[in-house]
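In what follows, a single structure is set out as structure tokens and then discussed.
Remember, it's a predicted structure, so these values are computed and weren't measured experimentally. Lettering of chains follows the sequences in order, A, B, ..., and the numbering in each one begins at 1.
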Protein chains: 2
Amino acid sequence: MPSKTTLKDLANLAGVSVSTVSKALNDSPEIGARTRQRIKDIAESCNYVPNNIARSLKSRSTKTIGVIIPAILIEFFNKVLYGIEQEATERGYKIVICLSNESSRKEAESINTFINGSVDGVILSVAEETQKSKVYDHFEKSAKHNMPMVMFDRVLDDITCDKVTVDDFEGAFNAVKFLSDLGSKNILFLNPISNTSVGQHREDGYVKAVSGLNQEPNIVNVSHYTEIEKALSTVFNNQKIDAILAADEYSAALAQNAARLNNLKIPQDLSVIGFTNGMVAEYANPSLTVVSQHAENIGKIAAGILLDRIEGKLRAEPVNKVVKTKIVERNSTKNI
Amino acid sequence: MPSKTTLKDLANLAGVSVSTVSKALNDSPEIGARTRQRIKDIAESCNYVPNNIARSLKSRSTKTIGVIIPAILIEFFNKVLYGIEQEATERGYKIVICLSNESSRKEAESINTFINGSVDGVILSVAEETQKSKVYDHFEKSAKHNMPMVMFDRVLDDITCDKVTVDDFEGAFNAVKFLSDLGSKNILFLNPISNTSVGQHREDGYVKAVSGLNQEPNIVNVSHYTEIEKALSTVFNNQKIDAILAADEYSAALAQNAARLNNLKIPQDLSVIGFTNGMVAEYANPSLTVVSQHAENIGKIAAGILLDRIEGKLRAEPVNKVVKTKIVERNSTKNI
DNA sequence: GTGAAAGCGCTAACAT
DNA sequence: ATGTTAGCGCTTTCAC
């Protein structure tokens with residue numbers, strides 16, 4: 001931490017007491033106008049900046065919120081982060097970010113980092129490992145400390161706290177409906193994230209929707225993106241498929257590439273919809289129609305709830321906000 | 001901030017003094033083994049967590065570094081952030097992130113947020129507005145406060161501090177060389193960021209390289225991505241171009257789309273290279289050959305320098321690290 | 001109108 | 001081996 005001039009220094013310079021300086025700088029009416037100005041001038045000339053650590057210790061409020069995300073290289077989380085940052089800034093809060101990198105250990109460490117008084121509350125999306133292992137000790141601990149907490153997107157049913165989730169089921173359901181309305185009769189579901197709760201919800205929505213249309217579910221699960229080209233080529237050669245719903249935007253983009261390789265024209269021969277409205281979808285060729293989760297908005301909502309909670313504006317029971325998805329239409333689906 | 005049990009509470013419970021508790025918890029040899037254990041047990045049962053704010057106030061070190069980036073939705077900055085986070089975590093530091101959103105005002109506010117003792121040092125990339133306006137008051141102020149600071153990528157020559165930059169000039173120069181070696185004779189430079197220092201360096205490298213090849217520089221500046229399709233179509237119709245070097249990956253992807261629209265085959269008729277090795281480049285069709293800036297590595301290096309500086313491991317003079325670029329070859333350039 | 005003093009939670013030099 | 005005390009920088013009650 002760099003060297004600093006303190007209230008004491010200013011008091012010495014001004015020949016007054018520390019408390020007078022403090023009051024003057026905080027525009028207390030107790031202090032006379034000219035003393036106040038004199039002190040302010042001195043502070044100015046010394047480049048005085050009040051020490052926030054000391055203030056926080058005194059006020060028991062840090063005006064910062066902690067955010068834990070599983071990965072910073074997933075665009076969805078960045079957009080959420082952007083939303084959080086906007087809302088936080090607007091309401092006078094800073095954000096501290098920790099990455100769990102999908103690991104339970106790092107997630108627990110991050111919680112511990114926050115629990116010690118450095119933030120007023122926490123926003124997080126659960127690490128994949130934690131979702132699998134179902135070991136929630138660290139969250140129970142933070143709950144015991146009365147740390148205000150809101151989970152978003154990847155949430156834990158077993159933990160009581162505020163939550164913001166995406167209606168992935170309905171998103172997939174509506175996407176199938178959208179394709180069907182465009183005339184698609186053989187809709188395939190491409191799922192590279194079948195091992196996550198989110199991937200599962202999307203699959204469920206797809207199955208429910210196609211069943212309602214009297215189509216057989218046709219699901220291709222891949223464990224890695226590199227498998228997509230081969231898997232789809234096999235499908236194209238053996239079945240007649242006229243639409244693909246992909247569980248994320250990367251697989252949607254790769255599906256388009258595979259289709260082109262198999263001489264299928266998009267959207268004439270094949271319609272493609274992906275999940276997540278990100279850069280890859282936008283810059284794909286053709287640009288991708290996607291199911292948008294309103295990531296930025298999720299961030300704003302989560303931060304709004306947390307700050308309301310911190311500031312005591314919420315009643316005791318946890319809030320549970322479900323954000324609806326929306327289809328963003330581009331050129332990978334027929335325009336009728 | 002949530003309610004907390006303090007050293008004082010523990011002291012009362014154990015029937016000893018506060019300092020005894022403090023020493024016991026910190027494994028001081030001054031305290032007897034059984035007292036120590038007894039105190040630790042009590043602390044454990046109370047879920048005691050030491051207050052970090054109080055510790056920071058005392059130790060005058062926060063073990064956290066501040067990061068200011070111009071935008072969180074630019075993948076390059078995320079990768080740098082990822083690198084910073086890794087290095088920081090490894091060395092026992094946390095990171096606090098502020099976004100300037102390319103605005104000088106928000107940048108100055110962020111600096112002020114950090115200058116007040118909440119971080120031990122700052123890593124930043126300069127906001128576009130600041131680069132244009134050349135108003136550096138906030139940086140001079142932080143320098144006056146002896147705040148350790150390292151700038152990366154977008155740096156200010158007029159400010160004295162540690163710096164990590166990318167050799168954009170050489171990166172562009174080498175890309176032209178690479179294209180020329182592949183047989184390209186008419187290389188166009190597509191620049192959507194000509195108003196930034198980085199965009200300028202890349203242009204300079206291009207100009208230098210083509211001049212050395214006795215080609216006339218052929219530069220298309222666009223102020224918005226939406227202009228690219230039209231601008232390039234005009235070019236394709238009136239000139240014979242066999243390669244495009246784009247100053248970022250988005251414009252490279254859009255250049256490919258424009259080429260396809262004009263019935264040019266990539267890479268047979270036209271080679272394309274972009275700057276920045278991101279998702280869009282990876283998932284483009286064909287996948288893009290790019291100039292990689294090793295973003296993650298830049299983050300690691302910047303954090304390493306900052307922490308060395310904070311910990312007094314560096315001599316006075318500022319370090320100035322230039323990171324070399326590398327060409328990542330994919331399918332948008334001929335493979336000979 | 002100004003100052004003295006206490007205290008936020010913690011650490012550490014200095015007693016005992 | 002344990003306790004007393006002072007102090008990090010600030011705010012805030014209470015005296016003068």
For this session: With sequence neighbours excluded, give me every salt bridge (Lys or Arg N to Asp or Glu O under 4.0 Å) pair touching residues 36-51 of chain A.
Result: A:D27-A:R36, A:D27-A:K40
Problem set entry | Contact list for residues 5-26 of chain A, test salt bridge (Lys or Arg N to Asp or Glu O under 4.0 Å), sequence neighbours left out |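 For residues 5-26 of chain A, and leaving out neighbouring residues, the salt bridge (Lys or Arg N to Asp or Glu O under 4.0 Å) pairs sorted by first residue read A:K23-A:E30.
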Can a side chain N or O of [X] be found less than 4.0 Å away from OP1 or OP2 on [N]?
X	N	value
A:T20	C:dG1	no
A:S22	D:dT11	yes
A:S17	C:dG3	yes
B:R55	C:dG9	no
B:N26	C:dT11	yes
A:R34	C:dG1	no

Send over the distance from [X] [atom1] to [N] [atom2], rounded to a whole Å.
X	N	atom1	atom2	answer
A:N116	C:dC8	CG	P	19 Å
B:L7	D:dT2	CG	P	16 Å
B:R60	C:dA12	CZ	C1'	14 Å
B:L57	D:dT11	CG	C1'	13 Å
B:R38	D:dA1	CZ	C1'	13 Å
B:N51	C:dC10	CG	C1'	8 Å
A:I53	D:dT11	CD1	C1'	16 Å
A:I39	C:dG1	CD1	C1'	11 Å

Exercise. How about B:K321: does its NZ atom have over 12 heavy atoms from other parts shown lying under 6.0 Å from it?
Worked result: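 12 or below, so no.
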Exercise. 5'-most contact on DNA chain C: B:K23 or B:Y48, nearest heavy atom basis?
Worked result: B:Y48
Exercise. Would you call the rings of A:F152 and A:F76 parallel, tilted or perpendicular, where under 30° means parallel and over 60° means perpendicular?
Worked result: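 It falls in the tilted class, 30° to 60°.
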Problem set entry | Closest-nucleotide ordering on DNA chain D, the 5'-leading residue of B:K58 and B:G32 |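 By nearest-heavy-atom nucleotide position, the 5'-most residue is B:G32.
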Problem set entry | Touch class at under 4.0 angstrom, heavy-atom based, for A:S19 against every strand present |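 Since a base atom lies under 4.0 Å of A:S19, the category is base.
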Exercise. Do the side chain of B:K4 and the base of C:dG9 come within less than 3.5 angstrom through a donor-acceptor pair of N or O atoms?
Worked result: no
Seminar exercise, completed: Of C:dT11, D:dC10, C:dG3, the nucleotide closest to the side chain of A:E30 is C:dG3
Exercise. So which nucleotide from C:dC10, D:dC10, D:dT2 ends up closest to the side chain of B:T35?
Worked result: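 Among the listed nucleotides, the one closest to the side chain of B:T35 is D:dT2.
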For this session: Please tell me if the side chains of A:K94 and A:I65 come closer than 4.5 Å, counting only heavy atoms from C-beta onward.
Result: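 Result no, sub-4.5 Å side-chain heavy-atom pair not found.
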